[in-house]
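First up is the structure itself, then whatever we jot down about it.
Every chain is numbered from 1 and lettered A, B, ... according to where its sequence line falls, protein lines coming before strand lines. Heavy atoms only: backbone and side chains are in, while hydrogens, waters and symmetry mates are out.
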Amino acid sequence: MKLTQFFLATIKEAPSEAEVVSHQLMMRAGMIKKLGAGIYTWMPLGVRVLRKVEQIVREEMNAAGAVELLMPVIQPAELWQESGRWDKMGPEMMRVKDRHDRDYIVQPTSEEVITDIARQDIKSWRQLPVNFYHIQTKFRDERRPRFGVMRSREFIMKDAYTFDVDKASLMKSYQGMYDAYSKIFTRLGLEFRAVNADTGNIGGFASHEFQVLAESGEDLIAYCPESDYAANVELAEGVTPAEPRAAASAKLELIATPGQKTCEDVSAFLKLPLKKQIKAMMYMTDAGFVLCMLRADHMVNEVKLGKVPALANYRPASPEEIEEYLGVEPGYCGPVPRHGSAHPGKVIVVADRTAAAMADFVCGANESGYHVAGANWGRDCAEPDVIADIRSVAEGDASPDGKGTLKLRRGIEVGHVFALGQAYSAKLGATYLDKDQKQQVMEMGCYGIGVTRVVAAAIEQNHDAKGIIWTVAMAPFSIAIAAVGYDRSAEVKAAADKLHDELTAIGIDVLLDDRGERPGVMFADLELIGIPHRITIGDRGLKEGAVEYQGRRDAAAIKVPVADVVAYARAVLAD
RNA sequence: CGGGGCGUAGCGCAGCCCGGUAGCGCGCCUGGUUUGGGACCAGGAUGUCGUAGGUUCGAAUCCUAUCGCCCCGACCA
């Protein structure tokens, strides 16, 4: 491809609305163009990258035994009413009407349609298992689209759906997709982790997210460098401390802490580490007023709270309710009873596993302006009513698999595999006849890759001050030729054209910068758009029969004899 | 949806307080000089000042409404 025949529109300054590097660089490189909030046009350069990603996804899906089909973007409401998601989905699902005033949706995903296909066309156990996938436009009316194509409303997703005879077979299909995803992200050259994920309210029984590690990620994942343990922080287990609770050694004392409301205040005021303190979080739940106790440096995990029976349907308690149940204002609350309560004995104490194992701790005294020190469970207050894992794990915590300590990294979720079970197949009646001629409900799995998001995630992970750095697998062009003086030197033009034709002939995606621009302009553009390899041809080098090669990450160029350059290019691309 | 902010040339911004009929940088066009790390000189084009009302002799500027966009918050590829 010659640059003058292509369409390249780079800009020096990124639009001010672009917050994250991937968005800024995609805009600057002219890969995407915004049409509306969370809606983008993929410009020619961007489409080339998108197609490379799609191709790798397609190859690996096919290799894993999945078959491609293509389901409509616009789907009739009836199917979604049948599955119950017409009501469940809420405003995130885009609804439209046709000329007959009939309801349709713009697909956010395709479980309904694929299950409808399965129930129509699959009748026998002999047809199972089967794995369908498509690469199709999705629309989710996000409450807050942001970060360019990282969280856009319209995006492209590869979604696959498996149908199996039973759970054991489903788990094989699931594992097959898990392995395929690992291959895909490895081929794309991404640093990623497959992490255990929350199965949420759909009620599936296995789920992993594929997270690309990047500082700008919206997810937090915990992993263990000494083992293969990795989980989303919303799920990662905070284990019970190995050391049992120490015996009480200190005397309970009341300490005046006027105006010291936060744990940090108290910690500084008493010159005591946060780890010696317990903090209180108050909630109203179906069971009544709940006082949650955590070590002061730990963070409550709201996903975990929701799973504790005593905290069913919890909401933060109001200051009035706290006053009513504990007889004190927020900031001085604790498990040690002191002042009168309008509901004596009606406070349910839920302690985190770590907090429950502490002795001689500091906490609120349930009296305004006072804390207590040397407090102990069972001596100064009752043992907790419930001990549960209610905090988010922190860096340095013991790994739940007992093989070391956890580290935390931010991640961008680019893929998700989910063993669904019969949630959709039962609702829509996707059944088959087994060997004993009995009707059975199919077991389903669903598997997604955010194709457009993968592009942004790759940039988040691979860029420098000059711009994007693509791997050859994703690059819009594998190699660029910067022809210095293309417009005025017949020798340069001839050499550059010849190299361009030769590389093209052996199937290499080459971009020849034939604009006749000054070298600085060419280099800056080619670096910004991230072409992994560059060959510079100029009069200066040609005089000694050489061109220059420079990798996108290399600090300097090296000379290559003109005669060897095709072989050289082939060699660097093979690495 | 709740809270904050912004809409002026393709992009980045100034002008608004204190009304007087729109400007800067980049980019773009023409000509010339340049040509190995985003060149220089000269000339030039481009604006419903988000939209609609209102106040006023006069509105980018003040008032009202409306639309759009961005940022911070209860979950998705």
Strand partner of [N], provided both Watson-Crick or wobble distances fall under 3.5 Å:
{"N": "B:rU56", "result": "none"}
{"N": "B:rG31", "result": "B:rC41"}
{"N": "B:rG47", "result": "none"}
{"N": "B:rG36", "result": "none"}
{"N": "B:rC26", "result": "B:rG10"}

### Query
Could a donor-acceptor pair under 3.5 angstrom be found where the side chain of A:Arg151 meets the base of B:rC76?
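Present.
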Taking [M] as the reference, what is the distance to [N] when you measure between their [atom1] atoms (whole Å, please)?
{"N": "B:rA60", "M": "B:rC49", "atom1": "C1'", "answer": "5 Å"}
{"N": "B:rG19", "M": "B:rC62", "atom1": "P", "answer": "9 Å"}
{"N": "B:rC63", "M": "B:rA22", "atom1": "P", "answer": "23 Å"}

### Message
Heavy-atom nearest nucleotide on RNA chain B for A:Met157 versus A:Arg28: which residue maps closer to 5'?
### Response
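In this pair, the answer is A:Arg28.
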### Most 5' of A:Arg144 and A:Arg453 on RNA chain B, judged by nearest nucleotide
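Its nucleotide being nearer the 5' end, the pick is A:Arg144.
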Below 4.0 angstrom from OP1 or OP2 of [N], is there any side-chain N or O of [X]?
{"X": "A:Arg518", "N": "B:rA39", "result": "yes"}
{"X": "A:Ser16", "N": "B:rC13", "result": "yes"}
{"X": "A:Lys466", "N": "B:rG37", "result": "no"}

### Task
Determine the minimum heavy-atom distance between A:Gly148 and A:Tyr40, stating which atoms define it.
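Reported closest heavy-atom pair: CA-OH, 3.4 Å.
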### Task
Report the distance from atom CG of A:Leu8 to atom P of B:rG38, rounded to the nearest whole Å.
18 Å
### Task
Validate the cation-pi geometry between A:Arg51 and A:Trp42: distance from NZ or CZ to the six-membered ring centre under 6.0 Å, angle to the ring axis within 45°.
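No, A:Arg51 and A:Trp42 do not form such a contact.
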### Over-ring placement of A:Arg453 relative to A:Phe155, 6.0 Å and 45° cut-offs
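Cation-pi check for A:Arg453 and A:Phe155: fails.
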### Query
Would the number of heavy atoms belonging to other residues, nucleotides or ligands and lying under 6.0 Å from CD of A:Gln81 be above 12?
yes
### Task
Return yes if some donor-acceptor pair links the side-chain N/O of A:Arg153 with the main-chain N/O of A:Ala37 below 3.5 Å, else return no.
yes
### Closest nucleotide among B:rC69, B:rG25, B:rA77 to the A:Glu142 side chain
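Out of B:rC69, B:rG25, B:rA77, the nucleotide with an atom closest to A:Glu142's side chain is B:rA77.
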